[in-house]
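Here's the structure we're looking at; comments come further down.
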Amino acid sequence: MKTRFDDWPVVTLVAEGEPPGAVRDAVLGLLHSALERGQPFAAVLDLTATEAAKEADHAPRTAEHAKAVKEIRPALANRCRGLAFVGGERAPAPEAGLRFWGCPVVQSTDFEEAASWARESLAAADRENM
């Protein structure tokens with residue numbers, strides 16, 4: 001798994017065949033690290049190469065993940081300008097993503113398109129705050 005902060009305020013995570021639980025933990029770790037900076041950011045989360053979830057492991061880990069997201073949702077609503085997911089099997093409706101994460105969410109099949117959306121989300125938020 002690769003995480004990058006060198007294009008701040010856009011941060012990235014690229015999963016490379018890791019199991020879903022490890023990916024969820026890495027996403028949360030990336031978001032915590034970004035939030036600790038105390039500045040607006042956007043994230044591109046490339047899940048194209050993740051392993052399929054095993055049904056037996058899915059429900060308990062999903063509940064833990066949802067609880068962890070709920071704990072950081074207020075901070076995400078304050079600082080995260082957008083989460084762009086690349087790959088994955090299904091895209092949440094934008095309203096559902098906003099309710100779950102507390103910030104705008106988009107699903108894409110193209111990394112560059114997702115990164116462009118993340119940069120535009122940051123720019124749009126800057127224009128609104130002027």
Side-chain angles (χ1 to χ4, degrees):
M1 193 133 18
K2 295 179 185 176
T3 58
R4 291 184 48 206
F5 282 78
D6 59 340
D7 193 23
W8 182 263
V10 176
V11 297
T12 60
L13 178 138
V14 178
E16 299 175 329
E18 290 85 4
V23 173
R24 285 190 292 269
D25 291 345
V27 167
L28 287 169
L30 176 89
L31 294 175
H32 277 284
S33 294
L35 289 167
E36 286 174 2
R37 292 186 175 210
Q39 302 170 352
F41 71 95
V44 180
L45 309 166
D46 187 346
L47 310 180
T48 306
T50 57
E51 292 181 6
K54 295 177 183 159
E55 287 299 319
D57 297 336
H58 188 66
R61 297 288 296 161
T62 300
E64 290 173 21
H65 176 88
K67 182 179 177 190
V69 170
K70 183 177 180 180
E71 291 173 1
I72 64 171
R73 187 180 300 127
L76 288 172
N78 186 38
R79 293 194 196 104
C80 182
R81 301 301 180 249
L83 299 176
F85 289 88
V86 182
E89 295 179 11
R90 57 180 179 243
E95 309 81 39
L98 180 62
R99 278 192 311 270
F100 182 76
W101 292 101
C103 60
V105 175
V106 70
Q107 178 87 22
S108 178
T109 58
D110 180 76
F111 183 87
E112 290 305 320
E113 179 182 283
S116 177
W117 178 86
R119 286 188 288 278
E120 179 53 35
S121 294
L122 283 159
D126 285 346
R127 286 191 299 271
E128 288 176 12
N129 292 326
M130 292 181 117

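Worth knowing before you read on, the calculation uses all heavy atoms, side chains too, and leaves out hydrogens, waters and symmetry mates.
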Test item: P40 and R79 side chains (from C-beta on) under 4.5 Å apart, heavy atoms: no

Of I72, L30, N78, the residue whose pairing with L35 passes side-chain contact (heavy atoms from CB on, under 4.5 Å): I72

Those residues that, when tested against E16, pass salt bridge (charged side-chain N to carboxylate O under 4.0 Å, His left out) (two or more places apart): K2

K70 vs R73 side-chain heavy atoms within contact, under 4.5 Å: yes

Between S108 and D110, a side-chain donor and acceptor under 3.5 Å: no

Minimum side-chain heavy-atom gap L122-V10 below 4.5 Å: yes

Within-4.5 Å side-chain heavy-atom neighbours: P104 and L83: no

R4: partners by side-chain hydrogen bond (donor to acceptor under 3.5 Å, both in side chains), with sequence neighbours left out: D6

Partner set under side-chain hydrogen bond (donor to acceptor under 3.5 Å, both in side chains) for E112, not counting sequence neighbours: none

R119 side chain reached by D7 side chain, heavy atoms, under 4.5 Å: yes

Residues forming a side chain to side chain contact (heavy atoms under 4.5 Å, CB included) with V27, sequence neighbours excluded: L13, V23, L31, L45, W101

Side-chain heavy-atom pair T3, V11 within 4.5 angstrom cut-off: no

All pairs passing side chain to side chain donor-acceptor pair (under 3.5 Å) where residues 30-39 contributes a residue, at least two apart: W8-Q39

Heavy-atom side-chain contact between F111 and T48 under 4.5 Å: no

R81 side-chain N/O to P9 backbone N/O, donor-acceptor pair under 3.5 Å: no

Partner residues of E71 under the side-chain hydrogen bond (donor to acceptor under 3.5 Å, both in side chains) criterion, sequence neighbours left out: none

Heavy-atom side-chain contact between W117 and V44 under 4.5 Å: no

